[in-house]
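Count residues from 1 along the sequence. Computation of the quantities below employed the complete heavy-atom set of this structure, encompassing side-chain atoms and omitting hydrogens, waters and symmetry-equivalent molecules.
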Amino acid sequence: EDDDDDDDEGASSQVCDSLQDLKRCVQSIVESGEQPQSYRFALFTDAPWKALTKPRTGPQSMDTGDADEGGMGEDAPPEPLLFTGNPLSLQVFPESLALTMIIGGSVALGGASENVRLKASQIDLQGIVVGRLPIFGSPRGSDDEEEDMEDEEGPRNERLQMYSKTFGLVDRYFLGEAVRDCLLTHEPKVSETGVERGSAKSVAEQIWSIRQLILAVEDSTDPAESAGGATSPSAGLEFVLVEVILSLIVQASRQSDFLGLTYLSRVLLELMKLEPAAVTAATVHAVSTLVEDYMPALVPTARYNLSQWFAFHLIHSNYQWPEGYWKHWEPHVLSGWDNSRGAFVKDALAIMTENLSDPANDLLPHLPNSLATTMAPEETKESPSQINALIQDLDRRVWDMSEDPSTMLPHMVGSEIEESTASDIQAEENERYRIFWRTRVVIRALLSSMLREREVLRSSILTAGEQNNDEGMMDQDNTRNSVDTVPQLMDVIRRYRPLIEGVNAKDTETLNGGDATQISLDRESVVLDQISDCCSYARTLFSTVVKIFIDENLISPLGLLRWCVGGGLEETKNMTTLRWWEFAESALSTGGRRLLGGATGSGNTAMDTDDDTNGKSLNLRNVEAFINFVAPMLKSTVERVNTMVLVTQSEGHPKKLAPRDVVAIEGCKTLVRASREMLFSSCSLRDMEEALEAYKASEITGPNLANLCTSSD
């Protein structure tokens, strides 16, 4: 009912990018007619442009040089630069060569013939255009007296009130730009000699020095101004800083080095150390607002970025966080992965569990007891008795006895073992497991060390949760095995590869005459299922083990991609915790490198000039080969995701996406963007225009992939 009254406020509080924000600022300045003195951002009334002047215009005598009336005499004061209100026209063609290139036009170089033209193919907007997340709401207008009265009735944060009342839209925009400038210009670098230049602490100090650009509130006479109290000139500035940094954290990309998540997390941590009372309180308030108001609207990648930052913050602040928030979040966490607020907390807990040697004693004492069960890995499903006995026997022969694989293979492919497990195999509901049962048993046995680590972690967390109030708990030794099992597993996989290949061939004998590609994909799906069962409790471990199998050619990039969206990760929990799109990106990258034989991105100048008979450089041919490679994989992924969404809609939710579908759709978008970046990273600047034309004519452009969805609707 108040929507009409709050149109302007709603516009300024929208999630938008910096160019939209700049447009709103300019509109606000022009339409309101406010003078620079009404802003708290000091540079509007300070150097350098405060001293800018222009000469007074008017006719002068050609003979004497004296100014006529209205002209400029020697003693006449200069006029200040003023905005006349008239729009400024920019001639694009052909006067502005830069603007012509930006919008895709080609320009002739000075003195060059018409056949020699320069064209900008891609414009990198990193650091120029970024998103804004208005965590603390929009600036207050003059018509908010009723809201102010309501705020005064209950408890309030005086510094937040100061920020809301005195920092307008223009102030917030320019202060946000100043924060980003500090982050970019003072980012620590490592020189060629290995010397680090700058630090996160120095960046935090530079950012906090922005308070010198804040003018005091004119009607404030409180002596607390000089003491840094709620009415000091910089009171409320911390909310600008926290809002800008958290907005950048949400947008951080693993494909880009621009303002990485770890760097931003370190700077925010140093700001808390520099001004613990102000910045810490603002950060806690920001997290509370994000969880309650924004979390359901954030895409999975943005939400996971916040989880990573939150885990980083807790680890480096000795897990200090208000207890009331944990209790408030507890119902969301216990409701499962379909709840976005709970998924945020569960992701943060999973990251900390994965990176701590003893999460039971380091982390659990700071959490409610009921959250311990959410941190513990789920109990693995037991195999049938005969199959389980076979797995245990192979486990002993591999890990305890280091038996030669050549002596184990005849036993695994013999008829005796097939007869002893026949009843269990026939009772298996999964058809692929019935066919590739030997492959499943061998992979499970080779990964048994990971299962043991999983059970140790599960037992330690559950035991610590039950005894969280017991003083003797701290005397328990719940630390994980100090031996790194990943290098051991790598050696085991390499040594027992002939055993894996042998049982694969035996399992495939029953499928003579079938599609070889589909048979291979089904077998790889069984392998990935076993890796997921044993290692998915720790995502980094799962990713590492998958990479080991890919490097050993036991899993193909296509098999991994099909598994991500074709069966193994269809549940919301699996798609969310393992972030399937990252594995899909890895599959495309690995397949592309193998396809091009390591030539992609090598930077070899000979490649740029080696033309074939058709006049195509090697780089351009690589681009076309990569397009042909990824096209069927991307099309298959988009079609699969579209099918998942259609199934959900047919089950009675035609207008609402299920959480699993949101994860699938956003992951698909990320995968398409990543494939495009991989495509152009292999192309030289000389071939960029032709590469763009090849991309536009391909099946992997946005419109063509979108048509796959509409055609199945």
Side-chain angles (χ1 to χ4, degrees), residues 405 409 412-413 418 425 428-447 489-490 492-536 542-570 574 578 580-581 583-597 625-626 628-641 643 671 675:
L409 181 58
M412 285 301 302
V413 300
E418 184 173 358
I425 295 172
E428 177 60 57
E429 297 179 358
N430 191 316
E431 182 180 0
R432 289 178 301 180
Y433 288 0
R434 291 199 303 268
I435 297 173
F436 299 102
W437 66 272
R438 293 183 180 85
T439 301
R440 180 189 177 197
V441 167
V442 170
I443 297 299
R444 194 84 170 189
L446 296 179
L447 296 175
L489 177 64
M490 187 181 301
V492 166
I493 297 300
R494 288 172 179 171
R495 183 184 181 194
Y496 288 90
R497 179 176 172 179
L499 175 63
I500 299 174
E501 294 175 341
V503 296
N504 286 346
K506 182 64 178 179
D507 288 339
T508 308
E509 287 181 0
T510 60
L511 300 173
N512 289 335
D515 185 353
T517 301
Q518 187 60 46
I519 293 174
S520 177
L521 293 176
D522 289 342
R523 182 182 66 249
E524 292 172 5
S525 177
V526 173
V527 174
L528 286 165
D529 284 346
Q530 305 314 303
I531 298 175
S532 177
D533 288 345
C534 298
C535 308
S536 60
F542 178 77
S543 176
T544 303
V545 175
V546 169
K547 187 177 186 304
I548 292 174
F549 276 77
I550 288 181
D551 290 343
E552 294 298 323
N553 289 322
L554 297 173
I555 298 174
S556 67
L558 179 59
L560 176 58
L561 183 61
R562 290 283 181 88
W563 180 80
C564 286
V565 293
L569 295 183
E570 287 191 9
N574 291 335
L578 298 181
W580 69 269
W581 55 90
F583 288 98
E585 291 175 27
S586 176
L588 293 183
S589 178
T590 302
R593 287 197 303 270
R594 291 179 179 177
L595 175 71
L596 305 180
F626 186 78
N628 294 331
F629 167 72
V630 301
M633 302 174 74
L634 287 181
K635 290 170 61 179
S636 174
T637 302
V638 172
E639 290 172 347
R640 175 58 187 166
V641 170
T643 301
L671 178 62
S675 65

How far does [atom1] of [X] sit from [atom2] of [Y], to the nearest 0.5 angstrom?
X      : Y      : atom1 : atom2 : result
Glu639 : Leu634 : CD    : CG    : 11.0 Å
Trp437 : Ile425 : CH2   : CD1   : 4.5 Å
Leu671 : Thr637 : CG    : OG1   : 6.0 Å
Ser520 : Asn504 : OG    : CG    : 8.5 Å
Ile443 : Ile500 : CD1   : CD1   : 4.0 Å
Leu560 : Leu521 : CG    : CG    : 11.0 Å

Taking every non-hydrogen atom, the tightest pair across [X] and [Y]:
X      : Y      : answer
Gly502 : Val413 : O-CG1, 4.2 Å
Leu499 : Leu409 : CD1-CA, 3.8 Å
Gly592 : Phe629 : N-CE2, 3.6 Å
Phe542 : Cys535 : CB-O, 3.6 Å

Check: Asp507 and Arg523 side chains under 4.5 Å, non-hydrogen atoms: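 Not in contact.
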Ser525-Arg432 side chain donor-acceptor pair, cut-off 3.5 Å: yes
Pair Ser636, Arg562: side-chain N/O donor-acceptor within cut-off below 3.5 Å: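 Yes, Arg562 and Ser636 have a side-chain donor paired with an acceptor closer than 3.5 Å.
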Residues Asp533, Arg444: salt bridge by 4.0 Å N-O rule: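 Counted as a salt bridge, because a side-chain N and a carboxylate O are separated by less than 4.0 Å.
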Any donor-acceptor N/O pair, Ser589 side chain to Glu585 backbone, under 3.5 Å: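 Side chain of Ser589 to backbone of Glu585, a donor-acceptor pair under 3.5 Å: no, none is there.
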Arg440 side chain vs Val526 backbone, donor-acceptor pair below 3.5 Å: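 Not a single qualifying donor-acceptor pair exists.
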Show me the donor-acceptor pairs within less than 3.5 Å that the side chains of residues 548-558 make with the rest of the protein, sequence neighbours left out.
| from | atom 1 | to | atom 2 | distance (Å) |
| --- | --- | --- | --- | --- |
| Asp551 | OD2 | Lys547 | NZ | 2.9 |
| Glu552 | OE2 | Arg494 | NE | 3.1 |
| Asn553 | OD1 | Arg594 | NH1 | 3.2 |
| Asn553 | OD1 | Arg594 | NH2 | 3.2 |
| Ser556 | OG | Glu524 | OE1 | 2.8 |
| Ser556 | OG | Glu524 | OE2 | 3.3 |
| Ser556 | OG | Gly559 | N | 3.0 |

Listed partners of Glu509 passing salt bridge (Lys or Arg N to Asp or Glu O under 4.0 Å), at least two apart: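 Salt bridge (Lys or Arg N to Asp or Glu O under 4.0 Å) check on Glu509 returns Lys506.
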